[in-house]
Structures are given as structure tokens and as C-alpha cells.
Q: 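Sharing a structure with you now.
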Amino acid sequence: MSAVTRSAILALGLLVAACGQMPGSRPTVTEPAPQAKPPVTAQEPAKPAWNTRPTPPAPVETAPLPPSGGPAPGNAIPSAPVGAVPTPGLSAPAPKPAIRVALLVPLSGRAQAVGQNLLEAAQIAVFDHASEGFKLLPFDTEKDGATAAANAAVAAGAHIILGPLFSNQVSEVAPIAKAAGLSVISFSNDRSVAQTGVYTLGLSPVQALQRVLAITHEKGATRYAALVPESAIGRQTLAALEKAAPQLGSTVVRADTYPAAATDFQGIVRRTAEYDRRRAQPTPPPSYQVLVLAEAGARLKQMGPWIPYYDIDVKDVRLVGPPAWDDTTLGAEPGLVGGWYAAPDPAARGPFEEKFKAAFGATPNRIASLAYDAVALTAVIGKLTGGPNFSDSTLTNPNGFAGVEGLFRLNMDGSSERGLAVWEIQRGQHKQVAPAPGSFLPPAN
């Protein structure tokens, strides 16, 4: 297979993502990691209707992707025939190499519910995409710690590590994985722990901010301001703005910070609103056209009423925030209506959530899709490369992959990118301002 065709097939691999069934052999039941006291045994989920497979069609050759990066219609990923019996007198075909994928998630402790959802989503991906010989090995990062879980994964012969969830645990796991020659696809969104061979699959607020800033610039904004807490996320947000603005040919005209533990936002907003300078009638607008915030949830709602109180009007200033603004309750606060943020299109997630409910009787948490995408990625790559080839060059296919919530790709520096839509906070359902891109390829001239 040529390098071009192989690259195209990899890019197509996850386009079946949350709703399609892979033709081919039935995957093995997820097995527990071999260790003295396994933290959990991943049992086969109940088999609802979507797991019932018809007789698989004959394998077909997968055509390369067209230049746009979209799928070639009518093609499927080829799979091996099932249950072939060797002809008497001839040597039996060599068995396919096993693919052992370690899943490091919190299966006890404070984040147990999140970890269980990650495991359940991973199990669905195994049954959707994996072929015979694929083994999912779950390890608990909380009982004995992430370091112990990583060491157990290496001892079990894992070919790649998926997880852990928290950034401090990624830092613990990374040197162990690197010493064993294993790649890590973590579920963290903290780019500070990313490095070559250690990927952060979580939705990065930095990349999301870059996406929405680009759209505000397209709409004519050139002057930006920031109001962020003195915290890690605040510093990352401000640094991202200060990096992106010059690239857009724009200017950061002011940058204000406040204590991360602040609960009274009146004076904080008054200062950033330049209210005392603007009190003359009629009140002129602030010196900026876009105000970047890093708060979300309850703290953003505490800040919200002071924004219009100090004459920051959406007609003059566009509020911009993190993906956590994907929260329909924010529309109940008038001062936040009209704010923009970047996030995946929730419509793309619908089939995955329906499948999860059918299997486990509950709605998955927001990040469960990360485990599904990571397992599907390893399963598809394992089939297409004839074994556990999880090299950096394979994982960082520049065309990317189509997952549960749209396009994503891994970069050589360990960061990840996603195809994100831009949304506007409204009362009730939020409004899409710009759709998610359909490809990572540059537009054709």
C-alpha cells in the first residue's frame, strides 16, 4: 500500500465514529489487566440492538480521500474474513498480532463516576471498531496511584497507554511510558504537559479561544481586552490572546487580572469597563471591541450582572469565553447574552449518546467521548497497519480523524486540534455563528 493511500485510509478510519458498525470479525470481550489485584474487570456490556451484526459484506478496497479531505462516498474500511478454515495439507495462516491497549482512568475515589463513564465508552468503541486480538486493559489511577497503574500497564505488555485524566498524573505516567517506548494519549486538556509522544486529547481552551478570536477578527474586531483570574487557566488565556492578536493584525489594548478566589466582581468589572473615564454623557464605548473572559459556570453568573451595569454593551463589545460556555443556563443572565465561544457541534454527539444510553441506561458525561475516540483510533490503526504500530508518525496523520464530536488530530508537540464551531449565547438554545470546518486541509485556491 502506498504512503498516500495509507494516509488517506487513516484519515477515513474514524469517519464511522459513533454511529456505524465496522464490517469484519467480532471483537473479543474487553479483558481485565493481568495484575495481582486488578482494579476492575471490564465486563462485556449488554448487547442492545445496535450491536447485532448482519453477515458482513465482502471486503472492499478503500479509495483515497478527495483533495477536500472528505470521505469517498460508498467505501468502507476492509476487514479480514471471519472463521477461515485452512485447506488440509497447507500451513495455517499466521495469527494476527495481539494489540494490547492500556486504559488508565479513575475507577475509585472522587472521580470514580467520570472514570467509569470513560471505561464504558471505551468498551463501546471496542465492540464498534476492534478486530480479533484487540485487548483493552483497564487500570485504576486512584487506588495505588497513576505511577503504579503505568508500571502495571507496561508489565502487562501494553502497546499504547490511553489516559490518564488529570494533568499531574500525565506528568507521572510520561517518563514511565517513554522509558518503555510507548505513546500516551491522555484525556487532559492541559497543553503544558504535552510533549512528543505524550498527547492531550481533551478540548484545549487555548485552541478554542484561537478559533473564536479568528471569527471576531473576520467580523471586523481589531482591539482586544482580557479580564482573567490569577490562575493557571487565566494565565493560559491571557498568553493565548497576546499571541493570537498580533497574528491577526490586532492589538491587546488592556489586560486586567484579579485574585482567583475573588467572589465580589463589582469593582473588578468597573475597572475593566473603564467606567469612571466613560461617565460623561453620552457614555462612549470602552477602548476595546472584544473582552476575553476565563470564568464559567456559577462564577461567571456572579460576574454577569455587573457587565451591563457598568455599560459594557454587546452592541459595542463582544464577550468571548471558553468552551464551558456551552451551557444553556447562561442565557438567563442578560449581561451574558450575545457572548461567543468555540465548542464542538452537539448534534454530532447525539448518536454516541443514544448508543451509550442503550448499552448502559444513562447519559454519558461530557468527556466520555474522549475514551471512545481514543480506543476507536487505536483499533482502526491496528487493523490498517497489520498490528500495533502506534508510532508518532502514524498517530499524527495531518488529515486528522473524524470522532464523536467532529474532526480532531494529534500534533507532533503533543497537543491536539479540533474542528470547532463558534456559538453565541442566547436565551434557550445557543445560536451557531460559524460552522466547524470540514477538513484540516487549507482551502483550495
Q: Have Glu142 and Ser108 got a donor and an acceptor in their side chains that come within less than 3.5 Å?
A: no
Q: Quick one: are Leu118 and Leu103 in side-chain contact, heavy atoms under 4.5 Å?
A: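 A side-chain contact under 4.5 Å is absent here.
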Q: Is the Phe360 ring parallel, tilted or perpendicular to the Phe356 ring (thresholds 30°, 60°)?
A: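 Rings of Phe360 and Phe356: tilted, as their planes differ by 30° to 60°.
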Q: Strictly distance-based, threshold 3.5 Å: is any side-chain N or O of Arg211 a donor or acceptor partner for the main-chain N or O of Ala342?
A: no
Q: For the OH atom of Tyr309 and the CZ atom of Arg270, what is their distance to the nearest 0.5 Å?
A: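 Nearest 0.5 Å value for the OH-CZ distance: 8.0 Å.
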Q: Determine whether Leu209 and Thr237 make a side-chain contact, defined as any pair of heavy atoms from C-beta on separated by less than 4.5 Å.
A: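 They are in contact (side-chain heavy atoms under 4.5 Å apart), so the answer is yes.
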Q: Do Pro229 and Tyr258 make a side-chain contact, defined as non-hydrogen atoms from C-beta onward lying under 4.5 Å apart?
A: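 With C-beta onward as the side chain, the pair touches.
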Q: With rounding to the nearest 0.5 angstrom, report the CG to CD distance, Leu241 to Gln210.
A: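 Answer rounded to 0.5 Å: 10.5 Å.
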Q: List the atom of Thr141, the atom of Pro164, and the distance in Å for their closest heavy-atom pair.
A: CG2-CB, 4.1 Å
Q: May I ask you to test the Leu201-Leu410 pair for a side-chain heavy-atom distance under 4.5 Å?
A: yes
Q: Taking atom types as modelled and ignoring hydrogens, do the side chains of Thr222 and Gln289 form a donor-acceptor contact shorter than 3.5 angstrom?
A: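 Gln289 and Thr222 do have a side-chain donor-acceptor pair below 3.5 Å.
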Q: Tell me, do Arg427 and Pro334 make a side-chain contact under 4.5 Å, heavy atoms counted?
A: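 Yes, side chains in contact.
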Q: Output the distance between atom CZ (Phe401) and atom CG (Leu377), rounded to the nearest 0.5 Å.
A: 5.0 Å
Q: Compare all side-chain heavy atoms of His217 with those of Val290 and state whether any distance is below 4.5 angstrom.
A: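 The answer is no; the side chains never approach within 4.5 Å.
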Q: By salt bridge (Lys or Arg N to Asp or Glu O under 4.0 Å), which residues pair with Glu295, not counting sequence neighbours?
A: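 Listed in chain order: Arg299.
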Q: Tell me the closest heavy-atom pair linking Val337 and Gly331, and the distance in Å.
A: CG2-O, 3.5 Å
Q: Rounded to the nearest 0.5 Å, what separates atom OG1 in Thr216 from atom CG in Leu319?
A: 12.0 Å
Q: If you take the centroid of each ring, where Trp contributes its six-membered ring, are Tyr372 and His129 closer together than 6.0 Å?
A: yes
Q: Is it the case that the side chains of Asp413 and Ser415 hold a donor-acceptor pair, with the cut-off being a distance below 3.5 Å and no angle test?
A: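 The criterion, which ignores hydrogens and geometry beyond distance, is satisfied for Asp413 and Ser415.
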Q: State the CG-CG distance between Leu300 and Asp327, to the nearest 0.5 angstrom.
A: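 Result: 9.0 Å between the selected atoms.
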Q: Could you check if a side-chain atom of Pro284 sits within less than 4.5 angstrom of a side-chain atom of Glu274, using non-hydrogen atoms only?
A: no
Q: Does Trp325 reach the side chain of Leu336, with side-chain heavy atoms less than 4.5 Å apart?
A: no
Q: Taking salt bridge (Lys or Arg N to Asp or Glu O under 4.0 Å) as the test, write out the residues that go with Glu424, two or more places apart.
A: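 Listed in chain order: Arg318, Lys431.
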Q: At what distance, to the nearest 0.5 angstrom, does OG of Ser369 lie from CD1 of Ile124?
A: 11.5 Å
